[in-house]
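Heads up: the structure comes next, in structure tokens.
Just so it is clear: chains get the letters A, B, ... in the order the sequence lines come, proteins before strands, and each one is counted from 1.
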Protein chains: 4
Amino acid sequence: MNINPTSGRPLYEQLMFGIKQDILLGILQPGDKLPSVREMAQQQLVNPNTVAKAYKALEGQGVIDTVLGRGTFVAEDSSDFGPDRQQMNQFKRQLNDLLTEGMYIGLSRQEIADLMNEWYGGTHEANRK
Amino acid sequence: MNINPTSGRPLYEQLMFGIKQDILLGILQPGDKLPSVREMAQQQLVNPNTVAKAYKALEGQGVIDTVLGRGTFVAEDSSDFGPDRQQMNQFKRQLNDLLTEGMYIGLSRQEIADLMNEWYGGTHEANRK
Amino acid sequence: MNINPTSGRPLYEQLMFGIKQDILLGILQPGDKLPSVREMAQQQLVNPNTVAKAYKALEGQGVIDTVLGRGTFVAEDSSDFGPDRQQMNQFKRQLNDLLTEGMYIGLSRQEIADLMNEWYGGTHEANRK
Amino acid sequence: MNINPTSGRPLYEQLMFGIKQDILLGILQPGDKLPSVREMAQQQLVNPNTVAKAYKALEGQGVIDTVLGRGTFVAEDSSDFGPDRQQMNQFKRQLNDLLTEGMYIGLSRQEIADLMNEWYGGTHEANRK
DNA sequence: GTGGTCTAGACCACG
DNA sequence: GTGGTCTAGACCACC
């Protein structure tokens with residue numbers, strides 16, 4: 001998981017994102033314990049408040065469970081968060097914007113497809129369906 | 001072009017994308033005059049400053065040219081040059097983010113490829129020269 | 001003389017500039033007749049008012065003389081407009097800005113010097129002192 | 001850095017150049033935090049929006065990075081990459097304009113070269129690594 | 001606390 | 001008429 005403070009995306013969102021990704025990739029399994037708020041804050045060089053906010057939001061989504069005094073754990077049924085309509089629409093809008101941008105800087109359809117394949121091939125071979 | 005003030009996306013960014021798309025779709029041709037800042041502001045129900053901000057940013061990207069006292073025009077050779085390194089890097093970062101996002105909301109590689117083909121097929125197949 | 005409407009510099013200033021340059025280069029000699037306001041406007045694709053404004057300003061500087069009903073002529077003593085202190089200061093400030101910019105985009109001192117020599121060599125060999 | 005509100009040059013542009021120069025002079029080092037928008041506005045007696053405009057433009061040029069909620073920082077590798085084509089073209093245009101201007105106010109090739117050497121010698125010889 | 005966005009309204013130079 | 005700049009002041013999300 002990589003946190004990029006200059007990307008403009010909220011840090012807490014990037015954290016949520018990274019954790020969900022780790023679950024989808026199987027790096028984190030249901031029942032696994034997450035780093036404590038303070039540990040995670042040190043690892044990722046962010047403010048503990050930011051981690052706490054991410055954990056709280058994930059708990060609200062049912063992705064993780066917090067047990068007072070023991071820690072935070074990946075929920076048992078955490079991996080079935082499929083795309084809802086709102087997320088899909090947002091994604092399509094973003095893809096739309098990105099392809100417009102790509103076309104503008106002179107990238108062909110093939111070049112963009114290549115970049116896409118590169119990403120899947122390089123980092124996520126094991127996860128393709 | 002439709003500006004949606006409640007979408008959460010900055011208005012000036014929506015304007016920029018709308019104009020870029022109009023150019024790619026051929027609705028706006030190189031050399032065409034854009035609505036004046038004040039006209040566009042009235043059409044889209046935003047403040048003239050917001051339009052000016054979008055126009056300025058587009059000029060910075062080489063998409064449009066502004067002639068003092070005359071107006072703003074679609075640039076002639078906006079996509080002639082290949083992508084430069086900075087643009088490429090930025091694009092790859094954005095693509096990376098988007099694909100991660102797609103994976104996170106549960107979209108498969110094929111589904112994303114389909115969305116991409118849909119975009120190219122639907123809006124731009126007919127427009128290629 | 002080339003007028004660039006998108007440079008951000010006022011058109012009338014570019015005109016003044018170009019005329020003075022032609023005089024310095026010897027293309028225009030003292031006593032030569034300048035194109036009429038309308039002719040010049042057609043040649044340079046600008047509004048006649050813009051040409052008139054440039055001519056008037058040049059006359060105010062003693063660079064050209066207007067004879068009513070006959071036309072506009074290069075003044076006899078027009079070529080001795082040396083740098084005054086204000087012009088020098090402005091020039092130094094602009095050079096300062098430009099060199100800062102050049103250093104920023106990664107140009108070495110030598111590369112900038114080369115560009116400079118290229119400019120002098122290419123266009124103005126005859127005029128060097 | 002001194003902002004001169006009566007010079008005719010846009011304030012935000014003066015800010016941009018002042019910051020770039022501070023970086024080149026080593027007064028600001030990569031990673032250093034810039035004064036906050038509000039602080040800088042007070043220091044330079046300008047409106048915060050004007051500072052924000054300058055910061056935003058510098059970020060667009062890759063000179064500084066902004067971290068939401070934390071502040072603005074000098075970018076780490078701002079001049080690593082060579083100049084890209086667009087930047088080069090813009091620089092050449094500006095150099096061209098400036099040299100024409102110099103010739104027009106009566107500066108010889110040697111005088112301009114001297115001014116250039118003066119700039120490099122005076123401000124940046126000691127600072128090279 | 002930080003920067004980001006938007007509005008409103010003013011003044012200016014240019015054409 | 002055009003865009004460019006600046007100010008003032010508001011509201012927001014993020015940290």
Fill in the blank from the handout: Those residues at least two apart in sequence (or on a different chain) that pass side chain to side chain contact (heavy atoms under 4.5 Å, CB included) with B/Ala41 are B/Pro48, B/Val51

Between the protein and nucleotides 13-15 of chain E, which nitrogen or oxygen pairs come in under 3.5 angstrom?
| unit_1 | atom_1 | unit_2 | atom_2 | d |
| --- | --- | --- | --- | --- |
| E/dG15 | OP1 | C/Leu11 | N | 3.0 |

Completion exercise
Residue set satisfying salt bridge (Lys or Arg N to Asp or Glu O under 4.0 Å) with A/Lys53, at least two apart, ordered chain then number -> none

Exercise for the section: Anything below 3.5 Å on both distances counts as a pair; with that, list the stems of at least three consecutive Watson-Crick or G-U pairs involving DNA chain E. Expected result: E:1-14 with F:1-14

Problem - Partners meeting side chain to side chain donor-acceptor pair (under 3.5 Å) with A/Asn47 (sequence neighbours left out) - result: A/Asn49

In a table with atom names and distances, give each donor-acceptor pair under 3.5 Å that connects a side chain of residues 54-62 of chain C to protein atoms at least two apart or in another chain.
| unit_1 | atom_1 | unit_2 | atom_2 | d |
| --- | --- | --- | --- | --- |
| C/Tyr55 | OH | C/Pro35 | O | 2.7 |
| C/Glu59 | OE1 | C/Thr66 | OG1 | 3.4 |
| C/Gln61 | OE1 | C/Lys20 | NZ | 2.5 |

Handout entry: C/Ser7: partners by side chain to side chain donor-acceptor pair (under 3.5 Å), with sequence neighbours left out
Key = C/Gln14

Practice task
Report the residues that fulfil salt bridge (Lys or Arg N to Asp or Glu O under 4.0 Å) with C/Asp97, sequence neighbours left out, ordered by chain and then residue number.
Solution key: D/Arg9

Practice task
Not counting sequence neighbours, which residues clear side chain to side chain donor-acceptor pair (under 3.5 Å) with A/Asn4? List them please.
Solution key: A/Thr6

Problem - Any residue meeting ring pair (Phe, Tyr, Trp, His ring centres under 6.0 Å) with C/Phe73, in chain and number order, not counting sequence neighbours - result: none

Exercise for the section: Return the set of residues passing side chain to side chain donor-acceptor pair (under 3.5 Å) with D/Gln44 (not counting sequence neighbours), or none when no residue passes. Expected result: none

Handout entry: Student check: side-chain heavy atoms of B/Phe91 and A/Leu98 closer than 4.5 Å
Key = yes

Handout entry: Outermost DNA chain F nucleotides near chain D [under 4.0 Å, heavy atoms]
Key = F/dT5 to F/dC15

